[in-house]
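Shown next, in structure tokens, is the structure this report addresses.
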There are 2 protein chains.
Amino acid sequence: MSALSVQQLRARLRACGLRATLPRIAVLGQLTAAEGPRSHAELTDALTARGFDRATIYRNLMDLTDAGLVSRTDLGDHRWRFELKRASHAQDPCHPHFICEGCGSIACLPEASVELHAVRGAPRALRHKSVQVQVRGLCNGCA
Amino acid sequence: MSALSVQQLRARLRACGLRATLPRIAVLGQLTAAEGPRSHAELTDALTARGFDRATIYRNLMDLTDAGLVSRTDLGDHRWRFELKRASHAQDPCHPHFICEGCGSIACLPEASVELHAVRGAPRALRHKSVQVQVRGLCNGCA
DNA sequence: TCTCAGATGAAATCGAGTTGCAATGATGGG
DNA sequence: CCCATCATTGCAACTCGATTTCATCTGAGA
Ligand SMILES: [Mn+2]
Ligand SMILES: [Mn+2]
Ligand SMILES: [Zn+2]
Ligand SMILES: [Zn+2]
């Protein structure tokens with residue numbers, strides 16, 4: 001999506017209590033400019049040219065994940081992918097997510113699209129709605 | 001679920017054109033006795049006591065998958081899991097699964113516990129029920 | 001500027017998954 | 001029942017992403 005200025009990236013990091021180091025700004029900048037989830041290898045390919053180490057990129061991805069700026073998911077291909085959490089994508093409550101197994105895109109589903117029933121044999125967590133729902137399939141573009 | 005006799009397991013393998021070897025019968029027997037998806041490591045732990053090698057167990061899991069007796073899925077925890085395809089167990093091969101974020105255990109959910117609604121804005125895949133649903137939370141033991 | 005907890009780079013390690021190969025054994029035909 | 005054949009096994013090695021170790025460096029507050 002839109003590329004933020006270095007000052008904006010730095011401010012966002014500091015707001016989370018993270019130091020604004022060169023590699024960390026670069027990683028956050030890459031994820032901000034990306035349109036979808038990115039793997040560690042993809043970011044490494046894009047950033048090693050600037051001299052950053054793959055372990056540093058990895059740790060920064062984990063730092064951003066721990067700080068809540070980024071989400072880490074496995075789209076089923078056995079590789080972790082990192083995606084910037086965007087305010088536009090309304091992280092409201094724990095609404096369900098749709099993961100396209102074709103293109104890897106993640107979409108927020110309307111709260112009403114998934115209805116949970118605490119039928120016999122289901123964990124009690126379903127009754128309290130204290131669960132996170134993931135629906136995997138092919139998006140309209142990949143179907 | 002129900003444990004099949006060695007003869008029944010052997011017959012099921014032969015019907016798929018697979019040789020009924022000791023390790024293969026044991027792997028199919030484990031998956032038949034299991035009530036949910038099992039990882040390669042879990043089957044290895046259960047079967048190395050009988051002297052079977054982890055590579056053999058792995059290749060048998062792949063053989064059973066290729067033969068269509070077993071499904072291989074990644075429920076998002078970065079480990080492949082194998083589950084017997086049961087004629088009885090809800091014809092729908094895409095029944096929902098519950099993943100405990102505390103202990104990592106995986107359980108099959110009753111088909112009726114999750115109801116999908118193809119509301120406006122949801123991918124068409126939801127309408128065709130051609131999706132895989134994962135519910136994450138804490139199991140009764142970890143709550 | 002000074003200081004040091006936090007961060008980096010380089011290399012090692014981990015672990016699930018996968019494969020190569022020589023020895024073994026299940027199966028079908030004689 | 002025996003044998004030949006080829007699928008399968010046991011073992012070790014290997015792949016590769018993920019993760020950690022540790023000595024050195026640096027960002028940010030004092
Ligand atoms: Mn995975
Ligand atoms: Mn299941
Ligand atoms: Zn898609
Ligand atoms: Zn649990």
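Note that the structure is predicted; figures quoted are calculated from it, not measured. Convention: sequence-line order gives letters A, B, ...; per-chain numbering from 1.
Regarding contacts with the backbone of C:dG17, a side-chain N or O of A:H78 is found under 4.0 angstrom from either OP1 or OP2. The side chain of B:R79 contributes no N or O atom lying less than 4.0 Å from OP1 or OP2 of D:dG17. In this model, the phosphate group of D:dT9 is approached by a side-chain N or O of B:T21 to a distance below 4.0 Å at OP1 or OP2. Distances shorter than 4.0 Å separate none of the side-chain N or O atoms of A:Y58 from OP1 or OP2 on D:dA18. Taking side-chain N and O atoms only, B:R72 has no distance below 4.0 Å to OP1 or OP2 of C:dG17.
Comparing B:A55 and A:L18 by the nucleotide of DNA chain C that holds the closest heavy atom to each, the one mapping nearer the 5' end is A:L18.
In this structure, CD1 of A:I25 is placed 13 Å from C1' of D:dA28, rounded to the nearest angstrom. The distance from atom CD1 of A:I57 to atom C1' of D:dG17 is 14 Å, rounded to the nearest whole Å. Protein atom CG of A:D53 is 13 Å distant from nucleotide atom C1' of D:dT19, rounded to whole Å. As a whole-Å value, the separation of A:D74 CG from D:dG17 P is 14 Å. Here the C1' atom of nucleotide D:dG17 and the CZ atom of A:R81 are 12 Å apart, to the nearest Å. Across the protein-nucleic acid pair, A:N60 atom CG and C:dA7 atom P stand 8 Å apart, rounded to whole Å. Counting to the nearest Å, the P atom of D:dT9 and the CZ atom of B:R50 are 13 Å from each other. Rounded to whole Å, atom C1' of C:dT24 lies 13 Å from atom CG of B:L22.
Side chain of B:R54 to backbone of B:L43: no donor-acceptor contact under 3.5 angstrom is found.
Cluster partners of A:V119: none. The rule joins Ile, Leu, Val, Met, Phe, Trp and Tyr whenever side-chain heavy atoms lie under 4.5 Å apart, and it links nothing here.
Note on B:D63: nothing from the nucleic acid sits closer than 4.0 angstrom, heavy atoms only. At the heavy-atom level, B:R24 lies under 4.0 Å from the strands shown only through sugar-phosphate atoms. Using a 4.0 Å heavy-atom distance criterion, A:T56 is classed as a base contact.
Out of C:dG9, D:dT19, D:dT26, the shortest distance to the side chain of A:M62 is found at D:dT19. Considering only the side chain of B:R19, C:dA26 comes nearest among C:dA26, D:dG10, C:dA7. With distances taken from any side-chain atom of B:R14 to the nucleotides D:dT9, D:dA7, C:dG28, the minimum falls on C:dG28.
Between B:V114 and A:E115, the closest side-chain pair of non-hydrogen atoms is not below 4.5 Å.
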Item to complete: Could you go through the ring-ring contact (aromatic ring centres under 6.0 Å, His included) check for B:H40 and B:W80 one step at a time?
Response: CA-CA 7 Å; B:H40 172 226; B:W80 291 118; over 10 Å; no

Discussion item. side-chain contact (heavy atoms from CB on, under 4.5 Å) for A:F52 and A:V27? Distances and angles first, verdict last.
Written reply: CA-CA 10 Å; A:F52 303 135; A:V27 168; over 6 Å; no

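A salt bridge links B:R38 with B:E35: at least one charged nitrogen is closer than 4.0 Å to a carboxylate oxygen. A salt bridge between A:E42 and A:R81 is present, with a side-chain N of the basic residue lying under 4.0 Å from a carboxylate O of the acidic one.
On a pure distance criterion of 3.5 Å, no polar donor-acceptor pair joins the side chain of A:R59 and the base of C:dG6. Between the side chain of B:R54 and the base of C:dT18 there is at least one donor-acceptor pair of N/O atoms closer than 3.5 Å.
Of the residues in residues 39-48 of chain B, not one comes within less than 4.0 Å of DNA chain D through any heavy atom.
Within 6.0 Å of atom CZ in B:R12, 12 or fewer heavy atoms from other residues, nucleotides or ligands are found, so the atom counts as exposed in its surroundings.
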